[in-house]
Asks: 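Okay, handing you the structure first.
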Amino acid sequence: MSSVVRFAPSPTGFLHIGGARTALFNWLFAKHHKGKFLLRIEDTDRARSTPESVQTILDGMAWLGLDWDGEAVSQFSRFGRHAEVAKQMIANGTAYYCYASPEELEAMRAEQKTKGLPQRYDGRWRDRPTGDAPPGVKPVIRLKAPQSGETTVDDKVMGSVTVQNTQLDDMVLLRADGTPTYMHAVVVDDHDMGITHVIRGDDHLTNAFRQVQIYKAMGWDVPAFAHLPMILGSDGAKLSKRHGSPAVSDYRDRGYLPEAVRNYLLRLCWAHGDDEIISTAQAIEWFDLDGVGKSPARFDFVKLGSVNAHYIKEADDRRLAELAEPFIARILGQPLTLAQVDLLTQAMPDLKPRAQTIVEIAEMAVFYFHIGPLPMDDKAKKLLTPEAKQHMAELAGRMKALPDFTSEAIEALFRAYAEEKGLKLGNIAQPFRAALTGSTVSPPIFGVAGLLGREESLRRLAV
RNA sequence: GUCCCCUUCGUCUAGAGGCCUAGGACAUUACCCUUUCACGGUAGUAACACGGGUUCGAAUCCCGUAGGGGACGCCA
């Protein structure tokens with residue numbers, strides 16, 4: 001039997017980084033087993049689901065390179081089918097109508113809470129004849145859950161997990177307005193879509209018990225479950241803006257590469273021996289559920305940064321230049337010309353070993369593109385002493401005479417000059433750097449000068 | 001409150017009863033390389049939550065305790 005998995009986000013906001021990890025694992029699992037990876041949008045909550053959210057999620061998946069098979073399914077569009085199944089359950093005696101009002105149930109829960117009792121539906125309509133139905137009240141349909149025995153979920157990650165059926169109540173399957181609840185819709189859809197492995201977040205583990213009961217009530221095969229541990233913030237609490245952003249789009253905006261995010265996410269709760277840098281092809285070959293750990297992981301921006309730095313070093317220079325361009329444009333207040341992007345591309349080999357993110361590349365590279373006077377930081381200003389300026393002036397004269405203005409030629413010139421004057425190379429290279437870049441920190445300065453060209457270099461030196 | 005799950009360096013993790021003097025990566029410290037900053041290289045600091053068992057032998061199996069997380073909606 002070939003594997004069919006799915007990712008089922010609810011479109012009530014952005015694509016959460018934890019959701020992205022779930023999607024990644026499903027995707028990898030499908031690729032590894034040569035199965036199918038389906039996408040289902042859980043939009044049965046009409047009040048909170050928005051088309052914008054759907055688009056955001058799709059965009060996030062596309063950015064991460066996670067493609068799915070077939071069309072994305074809208075869960076809401078299948079509500080007729082959900083109702084049909086609920087009616088079948090009424091017919092086969094595994095579900096019943098409940099006429100209790102929300103207020104009534106609220107009061108029931110409040111009372112249970114004050115008495116310190118578990119908060120569960122008490123089954124007040126479970127065995128009442130339909131004739132008792134109060135007129136004019138639209139009922140919900142509830143599962144007639146087994147009241148004795150136990151329910152077991154054989155989880156591929158957590159192992160065999162059992163709960164006493166007395167702990168579970170008769171949950172709502174179909175709301176009074178005829179729409180399905182999440183619990184019900186998930187089971188019906190997963191069954192109809194032929195899902196063989198339900199791989200999702202740990203927060204659904206206890207839901208799995210109730211879902212198993214629905215499968216059994218309908219006499220359907222129960223899929224394999226795999227509940228992935230949560231991703232926590234750096235403080236060990238729920239992931240939030242403070243401790244590692246929850247929104248996938250933020251990672252793009254902060255200059256992370258999708259392959260880096262994928263690699264980092266893969267290594268959260270999953271390992272293959274000592275391997276850290278794992279290509280997607282390799283991940284597909286290696287990934288399986290038995291490598292998934294059981295304990296939750298904290299999100300660590302520092303490590304993500306180092307993984308990102310690795311992928312930046314490997315990335316194509318042109319691609320990096322194009323990714324950095326919008327960030328530079330924002331700083332400069334205008335887009336780069338094609339020639340400037342070319343220059344950026346040429347500068348990239350010296351830029352990329354120095355950056356952890358595209359944003360850092362951009363910040364480091366703006367100095368190449370300043371047309372007017374170069375903004376200069378205080379440390380750089382201090383380097384340009386009168387003495388240093390005198391050296392720069394003399395060096396400028398010699399550079400003017402250079403037959404070829406290449407970085408090698410410039411460096412040779414500087415070295416010869418330093419030796420001639422009994423100076424250390426740093427004594428003249430640092431002021432040169434300050435004049436050309438406005439900073440004491442930059443890529444190798446002779447390369448910078450070569451790229452800037454003779455005219456621009458001398459212009460900056462003259463100021 | 002009830003139920004469920006989890007617990008190895010600061011962080012992510014390797015570890016399937018002897019291969020563990022607990023390994024790797026990130027971070028951190030020192031040194032080397034060096035025109036700055038990085039990259040790279042070398043070395044170092046650093047962990048089996050606690051308490052009981054089982055066993056010749058336990059990070060690994062069992063039981064408790066503590067801590068953390070999750071679920072308990074006509075949300076998903």
Asks: Rounded to the Å, how far apart are A/R210 CZ and B/A71 P?
Replies: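 Taking CZ of A/R210 and P of B/A71, I get 13 Å after rounding.
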Asks: So, is A/R48 near the phosphate of B/A76, with a side-chain N or O under 4.0 Å from OP1 or OP2?
Replies: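 Indeed not, no polar side-chain atom of A/R48 lies that close.
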Asks: Would you say the side-chain atoms of A/S53 and A/T50 include a donor-acceptor pair closer than 3.5 Å?
Replies: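 The answer is yes; a qualifying pair exists.
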Asks: Do you know which of A/L265, A/N263, A/L266, A/I278 makes side chain to side chain contact (heavy atoms under 4.5 Å, CB included) with A/V307?
Replies: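 Result: among A/L265, A/N263, A/L266, A/I278, A/N263 is the only option passing the side chain to side chain contact (heavy atoms under 4.5 Å, CB included) with A/V307.
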Asks: A/Q211: what forms a side-chain hydrogen bond (donor to acceptor under 3.5 Å, both in side chains) with it, not counting sequence neighbours?
Replies: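 Testing A/Q211 for side-chain hydrogen bond (donor to acceptor under 3.5 Å, both in side chains), a comparison that skips the adjacent residues, returns A/R200.
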Asks: Identify whether any heavy atom of A/T44 sits under 4.0 Å from a base atom; if not, whether one sits that close to sugar-phosphate; answer base, sugar-phosphate or nothing.
Replies: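 The residue A/T44 makes sugar-phosphate contact but no base contact.
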Asks: Hey, are the side chains of A/N165 and A/Q147 touching, using non-hydrogen atoms and a 4.5 Å cut-off?
Replies: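 When only atoms from C-beta onward are counted, A/Q147 and A/N165 do not touch, as no gap falls below 4.5 Å.
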Asks: Find the distance A/D154:CG to B/C5:P and express it as a whole number of Å.
Replies: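 Result: 13 Å.
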Asks: What residues form a salt bridge (Lys or Arg N to Asp or Glu O under 4.0 Å) with A/K381, not counting sequence neighbours?
Replies: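 Testing A/K381 for salt bridge (Lys or Arg N to Asp or Glu O under 4.0 Å), a comparison that skips the adjacent residues, returns A/D378.
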Asks: Set out, line by line, the N/O atom pairs under 3.5 Å between protein and nucleotides 16-20 of chain B.
Replies:
none

Asks: Does a side-chain N or O of A/S306 approach OP1 or OP2 of B/A27 to a distance below 4.0 Å, or not?
Replies: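 Checking A/S306 against B/A27: no side-chain N or O falls below 4.0 Å of OP1 or OP2.
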Asks: Rounded to whole Å, please give me the gap between CE in A/M158 and P in B/C4.
Replies: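 Distance, rounded to whole Å: 15 Å.
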Asks: Which whole number of Å gives the distance between the P atom of B/A14 and that of B/U8?
Replies: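 Their P atoms lie roughly 10 Å apart.
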Asks: Tell me every residue that passes salt bridge (Lys or Arg N to Asp or Glu O under 4.0 Å) with A/D169, counting only those two or more places apart in sequence or in another chain.
Replies: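 A/D169 satisfies salt bridge (Lys or Arg N to Asp or Glu O under 4.0 Å) with A/R210 only.
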Asks: Quick one: which of B/C3, B/C39, B/C74 gets closest to the side chain of A/V163?
Replies: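 For A/V163, the side-chain atoms sit closest to B/C3.
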Asks: Output the rounded distance in Å from CG (A/L143) to P (B/C74).
Replies: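 Going from CG in A/L143 over to P in B/C74 covers 13 Å.
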Asks: Identify each donor-acceptor pair in which a side-chain atom of residues 292-301 of chain A lies under 3.5 Å from a protein atom, sequence neighbours left out, and give them as a table.
Replies:
residue	atom	partner	partner atom	Å
A/R298	NH1	A/S234	O	3.4
A/D300	OD1	A/V302	N	3.0

Asks: Check whether any side-chain heavy atom of A/S77 sits under 4.5 Å from a side-chain heavy atom of A/F79, and report yes or no.
Replies: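 Not touching, per the 4.5 Å side-chain cut-off.
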Asks: Only pairs with both distances under 3.5 Å count, Watson-Crick or wobble alike; so what is the partner of B/C50 in this structure?
Replies: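 Looking at the geometry, B/C50 pairs with B/G64.
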Asks: Grab the CD-P distance between A/Q211 and B/A76 for me, whole Å please.
Replies: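 Result: 12 Å.
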Asks: Is a donor-acceptor contact shorter than 3.5 angstrom present between the side chain of A/R354 and the base of B/C37?
Replies: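 It does, because a donor-acceptor pair links the side chain of A/R354 to the base of B/C37 below 3.5 Å.
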Asks: Which one is paired to B/U36, where only Watson-Crick or G-U wobble pairs with both distances under 3.5 angstrom count?
Replies: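 The base-pairing partner of B/U36, which may sit in any strand shown, does not exist here.
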Asks: Is any side-chain heavy atom of A/C98 closer than 4.5 Å to one of A/P139?
Replies: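 No, their side chains stay 4.5 Å or more apart.
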Asks: Touch check for A/R142, heavy atoms < 4.0 angstrom, all strands: base, sugar-phosphate only, or nothing?
Replies: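 Counting heavy atoms under 4.0 Å across all strands, the contact made by A/R142 is with sugar-phosphate only.
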Asks: Is there a Watson-Crick or G-U wobble partner for B/A22 with both distances under 3.5 Å, and which nucleotide is it?
Replies: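 Check on B/A22: unpaired, no WC or wobble geometry under 3.5 Å.
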Asks: A/H197 and A/F29: aromatic ring centres closer than 6.0 Å?
Replies: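 Ring centroids of A/H197 and A/F29 are less than 6.0 Å from each other.
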Asks: Please list, for nucleotides 28-35 of chain B, all pairs of protein and nucleotide N/O atoms separated by less than 3.5 Å.
Replies:
residue	atom	partner	partner atom	Å
B/U35	OP1	A/R415	NH2	3.0
B/U35	O2	A/R433	NH2	2.5

Asks: Could you check which nucleotide pairs with B/G17 in any of the strands shown, counting Watson-Crick or G-U wobble with both distances under 3.5 Å?
Replies: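 Check on B/G17: unpaired, no WC or wobble geometry under 3.5 Å.
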Asks: Checking A/E360 now: which residues fulfil salt bridge (Lys or Arg N to Asp or Glu O under 4.0 Å) with it, not counting sequence neighbours?
Replies: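 Listed in chain order: nothing, the list is empty.
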Asks: Quick check on B/C3: is either OP1 or OP2 less than 4.0 Å from any side-chain nitrogen or oxygen of A/R120?
Replies: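 No, because none of the side-chain N or O atoms of A/R120 sits under 4.0 Å from OP1 or OP2 of B/C3.
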Asks: Ignoring the backbone of A/V302, work out which of B/A76, B/C26, B/G73 is nearest its side chain.
Replies: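 Among the listed nucleotides, the one closest to the side chain of A/V302 is B/C26.
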Asks: Which residue pairs pass the salt bridge (charged side-chain N to carboxylate O under 4.0 Å, His left out) test when at least one of the two sits in residues 147-159 of chain A, sequence neighbours left out?
Replies: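 Checked against salt bridge (charged side-chain N to carboxylate O under 4.0 Å, His left out) - neighbours excluded - no pair reaches residues 147-159 of chain A.
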Asks: Just call it for A/T181: base, sugar-phosphate, or nothing, with non-hydrogen atoms closer than 4.0 Å on any strand.
Replies: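 Sugar-phosphate only.
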Asks: Taking atom C1' of B/A71 as reference, at what distance in whole Å does atom CE of A/M230 sit?
Replies: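 Interatomic distance, CE of A/M230 to C1' of B/A71: 11 Å.
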Asks: Taking N or O atoms only and anything under 3.5 Å, show me the protein contacts with nucleotides 40-51 of chain B, one pair per line.
Replies:
none

Asks: If you look at every strand shown and take non-hydrogen atoms under 4.0 Å, does A/D203 touch a base, only sugar-phosphate, or nothing?
Replies: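 Since only primed, P, OP1 and OP2 atoms lie under 4.0 Å of A/D203, the category is sugar-phosphate.
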Asks: Using a heavy-atom cut-off of 4.0 Å across all strands, would you classify A/A100 as base, sugar-phosphate, or nothing?
Replies: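 It contacts base atoms.
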Asks: In the structure shown, which nucleotide is the Watson-Crick or G-U wobble counterpart of B/A59, with both distances under 3.5 Å?
Replies: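 Because no pair has both required distances under 3.5 Å, B/A59 counts as unpaired.
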Asks: Scan residues 344-358 of chain A for pairs that pass salt bridge (charged side-chain N to carboxylate O under 4.0 Å, His left out), counting only residues two or more places apart or in two chains.
Replies: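 Of all non-adjacent pairs touching residues 344-358 of chain A, those that pass salt bridge (charged side-chain N to carboxylate O under 4.0 Å, His left out) are A/D317-A/K352.
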Asks: Distance check needed: B/A38 P versus A/L351 CG, whole Å only.
Replies: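 That distance rounds to 15 Å.
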Asks: Among B/U36, B/C4, B/C74, which is the nearest nucleotide to the side chain of A/L105?
Replies: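 Shortest atom-to-atom distance from the side chain points to B/C74.
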Asks: Please determine, for B/C31, whether a Watson-Crick or G-U wobble partner exists with both distances under 3.5 Å, and give it or none.
Replies: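 Its partner is B/G41 (Watson-Crick or G-U wobble, both distances under 3.5 Å).
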Asks: Is there a side-chain polar atom (N or O) of A/R109 under 4.0 Å from OP1 or OP2 of B/C74?
Replies: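 Looking at the OP1 and OP2 atoms of B/C74, one of them is under 4.0 Å from a side-chain N or O of A/R109.
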Asks: Report the residues that fulfil salt bridge (Lys or Arg N to Asp or Glu O under 4.0 Å) with A/D290, sequence neighbours left out, ordered by chain and then residue number.
Replies: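 By the salt bridge (Lys or Arg N to Asp or Glu O under 4.0 Å) rule, A/D290 matches no residue at all.
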Asks: Indicate syn or anti for B/C37, taking the glycosidic torsion and treating anything within 90° of 0 as syn.
Replies: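 For B/C37, whose glycosidic angle is more than 90° from 0, the conformation is anti.
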Asks: Using a 4.0 Å heavy-atom cut-off across all strands, classify A/P443 as base, sugar-phosphate, or nothing.
Replies: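 Base contact.
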Asks: Check whether A/Y97 forms a cation-pi arrangement with A/R142 (NZ or CZ under 6.0 Å from the six-membered ring centre, at most 45° off the ring normal).
Replies: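 So A/R142 doesn't make the cation-pi contact.
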Asks: Can a donor-acceptor pair be found between the side chains of A/E42 and A/Q75 at a distance below 3.5 Å?
Replies: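 There is such a pair (donor and acceptor under 3.5 Å, judged by atom type) between the side chains of A/E42 and A/Q75.
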Asks: Pick base, sugar-phosphate or nothing for A/T206, based on heavy-atom distances below 4.0 Å to the nucleic acid.
Replies: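 It contacts base atoms.
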Asks: Where do N or O atoms of nucleotides 9-13 of chain B meet protein N or O atoms at under 3.5 Å, pair by pair?
Replies:
residue	atom	partner	partner atom	Å
B/C12	OP1	A/R298	N	3.0
B/C12	O2'	A/R267	O	2.8
B/U13	OP1	A/C269	N	2.2

Asks: If you draw the axis of the six-membered ring of A/F25, does the NZ or CZ of A/R21 fall within 45° of it and under 6.0 Å from the ring centre?
Replies: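 Positive - A/R21 is close enough to the ring of A/F25 and near enough to its axis.
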Asks: To the nearest angstrom, how far is A/L228 atom CG from B/C6 atom C1'?
Replies: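 The distance from CG of A/L228 to C1' of B/C6 comes to 14 Å, rounded to the nearest Å.
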Asks: According to the Watson-Crick and G-U wobble definitions, with both distances under 3.5 Å, which nucleotide is paired to B/G1?
Replies: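 Answer to the pairing question: B/C72, which forms a Watson-Crick or G-U pair with B/G1.
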